[in-house]
Amino acid sequence: MKTKSIRLAFLLALFASTLPIYAQQTLETIYDGVEFDMPKVKEASFPDFEKSITEYGAVGDGLTKNSNAFKSAIEAVNKAGGGKVLVPRGVWYTGPITLLSNVNLHLEDGALIIFSKDKDDYPLIETSFEGLNTVRCLSPINAYQVENIAITGNGTIDGSGEVWRAVKKGKMTDSQWKDLVKSGGIVEGTNWFPSQSYLDGHNASSSFNVPDITDRAELEKMKDFLRPVMVSIRESKVVLLDGPTFQNSPAWNIHPLMSEDVIIRNLNVRNPWFSQNGDGLDLESCKNSLIYNNTFDVGDDAICIKSGKDKDGRDRAIPTENVIIKNNIVYHGHGGVTVGSEMSSGVRNIHVSNCTFIGTDIGLRFKSTRGRGGVVENIWISDIDMVGIPTEAIGFNMFYTGNSPVIEEDQSADDEARQENLVPVTEETPVFRNISMKNITVTDSEVAAFFMGLPEMKLENVRLENAVLQAKKGITAIDAAGLELINVRVLGTDEIPLTIYNSQGVKVSGFSFEENGKAAVRVLGTSDNVEFDRADFKSPDKITKGNGVSENAIKLK
């Protein structure tokens, strides 16, 4: 195991040293090559007016609580018509910061904001988390129904997440775990909880992180469990985050929700690897957004596109649309760029390009499940480099948190199980369609690609073009319709490079693979109208089919 880790570290370093250097994006170049009609995003701007928090008594010793100084400086700038609130070099300990319209919170070089560990500073409020209408603690940085706001500069913002989060033993080293247990808290099995209040909420939660409880007194008893996202910007317009490091969040790191004209650029977004729900950026039900020139190293999904969950999300009816994501690096995360699983208001018109994922659990990640509803469509992804992906480099999973079908070689063995797995199509059925990926490079990874729709709602019109995928396992497509694999090369697998199961209208052209003594393709289940380029398969036995697949189901052209 140690030798394997050393080898992977060497490969990661080698890969990083040879990465293509993508041009830094600017507001002049960010719209180049975008496939849809993208409105120009408004950028926040401010009058030439400044107030320092030190003018209101702030002390940068890391000990003095500066909540009132931040509040007073922000209110003064807002009342003056807008400008900068300056945070000088120093360690500024504070309770929650509420941003007001026309205020730029500017962190000068060397400035460090650390949020209070006293949970009494964070009252319960009505908000949304994981796509559901709920009650959570007030976020360390929060804004609600404001316009023209920014957080800029080269400083650092720390959310003191260690006092909020539960931790799984398996995500820590032995020494880290021992130190954590010694610090206090409660251990149950292989989980550490920061307090009894947190554990009470954990035990009462029916939806993972959102308790199905409305009684305010009961929620107060489990307040520690209701940990906030670090930066919550709700129902606001013209939002700019440019420059700072955002780290150590209690839950998600940055969460723009139901907002318009959002620019996220030049950020360093960090969380420990063991931080459960430690997402980097969750853009939810937002319109017209730019995400570029950022780096992420987080404990959960890095760049997430969401739009609400189940009925709460469908009732909201605000999709995430018109988003450009360019020139970002993800060093760790559950997903590099993720759509879902909360996508019940829909996602459309998304451009992703020139991104690098180094060791993310999954690279390009699409996830949903029955009950969500919503339509994800018109997604264009290009020029993506990945290395050391321990699961799927490209992953589509419409059975997220559910029971996915088992591939059967024998169609007759699958018939009964398949009938049990079919459900009616309703407003609760998620739809993923019209997704294009091209110029994708994957090395030293586990699974090249996994495409899985639902039996009752196929993953529709997904195209993968010009891809080189080096992985231990090849490509699997389950319940897909209109899937196209064009000029795709699968390297390194000792298994069958391509499996097509219960899929229709599949087109494979320019497909290449390393010989490993096995068939190159197997077609199984109810698959039909599967077309291959005859030039790709000089030996007909390279394509095999399962029992029940008709002779006419496979075409060589």
Side-chain angles (χ1 to χ4, degrees), residues 65 67 70-71 93-99 105 113-146 149 151 156-167 193-195 197-202 204-205 207-211 213-214 216 218-236 239 241 244 246-259 269-272 275-285 298-301 304 306 308-309 312 342:
K65 191 178 288 187
S67 307
F70 275 98
K71 182 175 184 294
Y93 189 68
T94 183
I97 295 172
T98 298
L99 296 177
L105 183 67
I113 296 174
I114 298 180
F115 282 100
S116 165
K117 297 176 175 60
D118 182 356
K119 292 167 188 169
D120 289 340
D121 287 337
Y122 306 90
L124 293 178
I125 64 165
E126 293 184 1
T127 184
S128 174
F129 184 61
E130 293 193 339
L132 297 174
N133 302 328
T134 187
V135 172
R136 308 291 291 186
C137 290
L138 180 68
S139 290
I141 295 179
N142 57 87
Y144 177 61
Q145 292 185 344
V146 299
I149 61 170
I151 305 174
T156 300
I157 299 171
D158 188 296
S160 297
E162 68 277 5
V163 301
W164 292 94
R165 293 187 297 259
V167 178
F193 300 94
S195 66
S197 173
Y198 189 108
L199 183 57
D200 290 344
H202 172 80
S205 176
S207 181
F208 191 42
N209 288 310
V210 181
I213 296 171
T214 57
R216 197 63 172 242
E218 288 299 309
L219 290 170
E220 287 287 354
K221 292 178 183 178
M222 58 185 69
K223 181 182 174 185
D224 288 8
F225 179 74
L226 305 175
R227 53 197 169 113
V229 302
M230 188 166 79
V231 181
S232 173
I233 300 171
R234 297 186 293 150
E235 299 179 40
S236 297
V239 176
L241 304 185
F246 293 85
Q247 67 176 33
N248 197 21
S249 57
W252 296 348
N253 209 314
I254 301 169
H255 184 207
L257 172 65
M258 292 184 280
S259 296
V269 182
R270 306 170 62 238
N271 267 334
S275 56
Q276 198 75 25
N277 312 116
D279 294 14
L281 167 66
D282 292 89
L283 188 77
E284 182 173 358
S285 293
V298 295
D300 212 305
D301 290 330
C304 318
K306 300 179 180 289
K309 183 176 181 179
D312 284 356
E342 305 97 71

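All residue numbers in this chain count up from 1 along the given sequence. Since this is a predicted model, take the numbers as computed values, not measurements.
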Original post:
Can you list the residues that meet the salt bridge (Lys or Arg N to Asp or Glu O under 4.0 Å) rule with Glu235, with sequence neighbours excluded?
Top reply: none
Subject >> Reported OG1-to-CG distance for the pair Thr98 and Asn142, which is rounded to 0.5 angstrom >> reply: 3.5 Å
Original post:
Should Cys137 and Arg227 count as side-chain neighbours, where that means a heavy-atom distance under 4.5 Å?
Top reply: no
Original post:
So do the side chains of Ile151 and Pro244 get within less than 4.5 Å of each other, counting heavy atoms only?
Top reply: yes
Original post:
Does Tyr122 have any ring-ring contact (aromatic ring centres under 6.0 Å, His included) partners at least two apart in sequence or in another chain, and if so, which?
Top reply: Trp164
Original post:
CZ/Arg216 to CG/Leu219 distance, rounded to the nearest 0.5 angstrom?
Top reply: 7.0 Å
**OP:** Assign the ring pair Phe129 / Trp252 to parallel, tilted or perpendicular, where the plane angle (0 to 90°) is split at 30° and 60°.
**Re:** tilted
**OP:** Please round to the nearest 0.5 Å and tell me the distance separating atom CZ of Phe225 and atom CG of Asn209.
**Re:** 5.0 Å
Original post:
Partners of Glu342 by side chain to side chain donor-acceptor pair (under 3.5 Å), sequence neighbours excluded?
Top reply: Lys306
Original post:
Which residues pass the side chain to side chain donor-acceptor pair (under 3.5 Å) test with Ser128, sequence neighbours left out?
Top reply: Arg316
Subject >> Residues that Glu220 engages under salt bridge (Lys or Arg N to Asp or Glu O under 4.0 Å), provided they are two or more places apart >> reply: none
Original post:
Quick one: OG1 on Thr94 to CD1 on Ile114, what's the gap to the nearest 0.5 Å?
Top reply: 11.0 Å
Original post:
Residues in ring-ring contact (aromatic ring centres under 6.0 Å, His included) with Phe246, at least two apart?
Top reply: none
Original post:
Do the side chain of Ser249 and the main chain of Val229 share a donor and acceptor less than 3.5 angstrom apart?
Top reply: no
**OP:** State, to 0.1 Å, how close Ser139 and Pro96 come at their nearest heavy-atom pair, and which atoms those are.
**Re:** O-CB, 3.8 Å
Original post:
By side chain to side chain contact (heavy atoms under 4.5 Å, CB included), which residues pair with Asp300, not counting sequence neighbours?
Top reply: Asn277, Asp279, His334
Original post:
Between Ser197 and Lys221, is there a donor-acceptor pair closer than 3.5 Å when you use the side chain of the first and the backbone of the second?
Top reply: yes
**OP:** Test side-chain contact (heavy atoms from CB on, under 4.5 Å) on Val210 and Lys309 and set out the steps.
**Re:** CA-CA 12 Å; Val210 181; Lys309 183 176 181 179; over 6 Å; no
Original post:
Got a donor-acceptor contact below 3.5 angstrom from the Glu284 side chain to the Gly308 backbone?
Top reply: yes
Original post:
Given the rule in the side-chain contact (heavy atoms from CB on, under 4.5 Å) test, do Met230 and Gln247 qualify, once you have shown the distances and angles that lead to the verdict?
Top reply: CA-CA 9 Å; Met230 188 166 79; Gln247 67 176 33; 5.9 Å; no
Subject >> Minimum heavy-atom distance between Val298 and Gly280, given as atom pair plus value >> reply: CG1-CA, 3.8 Å
Subject >> Over 12 non-hydrogen atoms of neighbours within 6.0 angstrom of CZ in Arg136 >> reply: yes
Subject >> Qualifying residues under side chain to side chain contact (heavy atoms under 4.5 Å, CB included), relative to Lys65, sequence neighbours excluded >> reply: Ser67, Tyr93, Ser116, Asp118, Asp121
**OP:** Could I get the full list of salt bridge (Lys or Arg N to Asp or Glu O under 4.0 Å) partners for Lys119, not counting sequence neighbours?
**Re:** Asp224
Subject >> Passing option when Asn248 is tested against Thr156, Asn253, Asp158 for side-chain hydrogen bond (donor to acceptor under 3.5 Å, both in side chains) >> reply: Asp158
Original post:
Roughly how far, to the nearest 0.5 Å, is SG of Cys304 from NE2 of His255?
Top reply: 9.5 Å
Original post:
Distance from Leu281 atom CG to Ile254 atom CD1, nearest 0.5 Å?
Top reply: 6.0 Å
Original post:
What residues, two or more places apart in sequence or in another chain, satisfy side chain to side chain contact (heavy atoms under 4.5 Å, CB included) together with Ser275?
Top reply: Arg165, Asn271, Pro272
**OP:** Grab the two heavy atoms, one from Pro140 and one from Pro228, that are nearest each other, plus how far apart they are.
**Re:** CD-CG, 3.9 Å
**OP:** Tell me, please, which residues at least two apart from Lys71 pass side chain to side chain donor-acceptor pair (under 3.5 Å).
**Re:** Glu75
Original post:
In chain order, what residues pass the side chain to side chain contact (heavy atoms under 4.5 Å, CB included) check against Val146, with sequence neighbours excluded?
Top reply: Ser101, Ala143, Ile149, Ser236
